[in-house]
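Structure first, commentary second.
Just so it is clear, the model here is predicted, and its values are computed rather than measured.
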Amino acid sequence: MEKMTIAITGMSCGHCVRAVSDALRDVEGIRVENVGIGSATIAYDPAATPTDRVRAAVTDAIEDAGYEARAA
């Protein structure tokens, strides 16, 4: 398993953490390691899902939840 940390802007409270956590749980092929204000760490199997596809799916899910994201 590889880990990826995503920087997230626009988060300011526990509700934001829950919203991002919920959005990430819906992304197939990843495991949510940690979500806090300003970042999230996920784990994934690069043999099963290429890193660029994981990055795009995670970023899309976070942005769909109303926040800005980029791989840190």
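- How far CD of E28 is from OG1 of T49: 7.5 Å, rounded to the nearest 0.5 Å.
- Ion pair D22/R25 flagged as a salt bridge, since at least one NZ, NE, NH1 or NH2 atom sits closer than 4.0 Å to an Asp/Glu carboxylate oxygen.
- Closest heavy-atom contact between G36 and V17: C-CG2, 3.9 Å.
- Heavy atoms only, all atoms of each residue included: I37 and C13 are closest at CD1-N, 3.8 Å.
- Rounded to the nearest 0.5 Å, atoms CD1 (I42) and CD (E2) are 10.0 Å apart.
- Atoms CD1 and CD, on I8 and E68 in that order, are 11.0 Å from each other to the nearest 0.5 Å.
- A salt bridge links E33 to R31: one of the charged nitrogens lies within less than 4.0 Å of a carboxylate oxygen.
- Separating the OG atom in S21 from the CD1 atom in I62 is a distance of 9.5 Å, to the nearest 0.5 Å.
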Full working for side-chain contact (heavy atoms from CB on, under 4.5 Å) between T51 and M4: CA-CA 9 Å; T51 300; M4 179 185 299; 3.7 Å; yes
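- Taken from CZ in R53 to OH in Y44, the straight-line distance is 12.5 Å, to the nearest 0.5 Å.
- Pairing each heavy atom of A65 with each of A19, the nearest pair is CB-O, 4.3 Å.
- Of all the heavy atoms in G10 and Y67, the pair that sits closest is O-CE2, 3.4 Å.
- V35 has its side chain within reach of M11: a pair of non-hydrogen atoms, C-beta onward, lies under 4.5 Å apart.
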